[in-house]
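Encoded as structure tokens, the structure appears first; notes follow it.
These numbers were taken from a predicted model, which means no experiment stands behind them.
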Amino acid sequence: MSEILTVKSGNIVLRALDYGGCRPPDILLLHGLAGRGREWAATAEWLTSYGRVVALDQRGHGDSRDGVRDLSRDAYVQDVIATIEQKLSAPVVLVGQSMGGLHAFLAAARRPDLVRLLVIVEAPPEPDPSVQLQIRRWLSNWPVPFLSRAAAQAFFGGDSLYARTFAESLDEVPDGYRPAFEVDHMVRAIADVTATSYWPEWEKVPCPTLLVGGETSFVSADLLRRMAQSNPACQYVQVSGAGHDLHLETPTEWRRTLCDFLQRHEVNG
């Protein structure tokens, strides 16, 4: 079970899920583009033995959509900072996947006092001029509305944690099941990624950092290795057989990788 938390960030209200866990440190989980906080439910089942686990619905996603107009990178990073300052005990363990990983390391670079340990999954700092078009094509290919969650699960790949999670992340509406986001918002949310380099911020991250990549992902392993080499606080681990959403695709290996890092830094389950 989880408790809903509300966070005031600027002129909007964000929602987060508090999965519990009774001892420090607090652990904040950040989903990727087109995700939502509940996608971390399988991770939270075991991660609560290491600390209190909170998963944020980032602006424009899930239950954090009302009144959202500003989809800039600065707004997203400020949301992370506001969540930690208002609802968590700093310094936290900050975990982010893809877009959430970008927000995590930017928050750690800008407010190092708030982050004890950082875990980045598949989040490169280099610009990608093609990313907006790729995202629009991917999301526009979803046959929405889905008539049932079963139909959605079949579309996303069938009997797997990845497919079940994406199906369960949909909103039930009168005509079926629809994504908990607007496609145009997702495209706008990554506008800066087409041209902006975040290498300077990445290289400033001071806390111990785990960088995780999937062996079969579209994110270049060479790029992730360069990230690790450019920051002396960083360790890189590649997960065999995993793609971009490795926390959902290879959950056993993801658990082992994250637990090893936490235990090495004296966060024991």
Side-chain angles (χ1 to χ4, degrees), residues 28-35 56 58-60 70-84 90-136 138 186-239 242-247 254 257-258 261 265:
L28 179 59
L29 306 178
L30 303 176
H31 62 76
L33 189 78
L56 179 65
Q58 298 190 80
R59 64 173 55 211
D70 186 354
L71 293 165
S72 66
R73 196 63 54 220
D74 284 345
Y76 276 109
V77 176
Q78 184 54 45
D79 292 344
V80 178
I81 293 170
T83 302
I84 297 172
V92 304
V93 176
L94 186 54
V95 180
Q97 187 264 342
S98 194
M99 181 187 76
L102 173 59
H103 301 158
F105 79 68
L106 290 175
R110 297 178 189 183
R111 288 293 305 275
D113 58 306
L114 298 181
V115 184
R116 170 182 172 182
L117 299 173
L118 182 64
V119 181
I120 303 301
V121 182
E122 291 274 311
E126 279 196 353
D128 181 352
S130 67
V131 67
Q132 281 186 300
L133 179 58
Q134 292 172 354
I135 291 299
R136 186 178 290 280
W138 174 51
M186 299 300 95
V187 175
R188 283 174 52 203
I190 54 170
D192 64 309
V193 178
T194 62
T196 303
S197 170
Y198 291 105
W199 278 104
E201 290 89 345
W202 165 254
E203 292 169 354
K204 287 198 307 183
V205 172
C207 64
T209 299
L210 173 65
L211 176 63
V212 188
E215 180 186 27
T216 63
S217 172
F218 58 83
V219 176
S220 164
D222 287 340
L223 172 56
L224 297 181
R225 291 189 187 97
R226 281 199 289 123
M227 288 178 67
Q229 291 165 1
S230 71
N231 187 323
C234 180
Q235 170 201 3
Y236 169 57
V237 174
Q238 184 184 80
V239 177
H244 187 59
D245 295 281
L246 60 87
H247 62 302
W254 160 240
T257 301
L258 180 52
F261 175 72
H265 292 281

Under 3.5 Å: donor-acceptor pair, side chain of [X], backbone of [Y]:
X	Y	answer
Q58	H31	yes
S130	D128	no
T196	V193	no
Q132	V187	yes
N231	W202	yes

What distance separates [X] [atom1] from [Y] [atom2], expressed to the nearest 0.5 Å?
X	Y	atom1	atom2	value
M227	L211	CE	CG	5.0 Å
T194	L133	OG1	CG	11.5 Å
H247	T257	NE2	OG1	13.5 Å
I190	I135	CD1	CD1	4.5 Å

For [X] and [Y], which heavy atoms make the closest approach, and how far apart are they?
X	Y	result
D222	R225	OD1-NH1, 3.0 Å
F261	P208	CZ-O, 3.7 Å
L224	V212	CD1-O, 4.5 Å
V205	A233	O-CB, 4.3 Å
A189	Y76	CB-OH, 3.5 Å
L102	A123	N-CB, 3.6 Å

Is any side-chain heavy atom of [Y] closer than 4.5 Å to one of [X]?
X	Y	result
L94	F105	no
Y198	L106	yes
R59	D70	yes

Can you pull out every salt bridge (Lys or Arg N to Asp or Glu O under 4.0 Å) where at least one residue sits in residues 187-210? Sequence neighbours excluded, please.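 Matches after skipping sequence neighbours: R73-D192.
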Angle between ring planes, F218 versus H244, binned at 30° and 60°: parallel, tilted or perpendicular?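 Judged by the thresholds at 30° and 60°, the geometry between F218 and H244 is tilted.
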Under 3.5 Å, sequence neighbours excluded: what are the donor-acceptor pairs made by side chains of residues 107-115?
from: R110; atom 1: NH1; to: D74; atom 2: OD1; distance (Å): 2.9
from: R110; atom 1: NH2; to: D74; atom 2: OD1; distance (Å): 3.3
from: R111; atom 1: NE; to: D113; atom 2: OD1; distance (Å): 2.9
from: R111; atom 1: NH1; to: E85; atom 2: OE2; distance (Å): 2.8
from: R111; atom 1: NH2; to: E85; atom 2: OE2; distance (Å): 3.3
from: R111; atom 1: NH2; to: D113; atom 2: OD2; distance (Å): 2.8

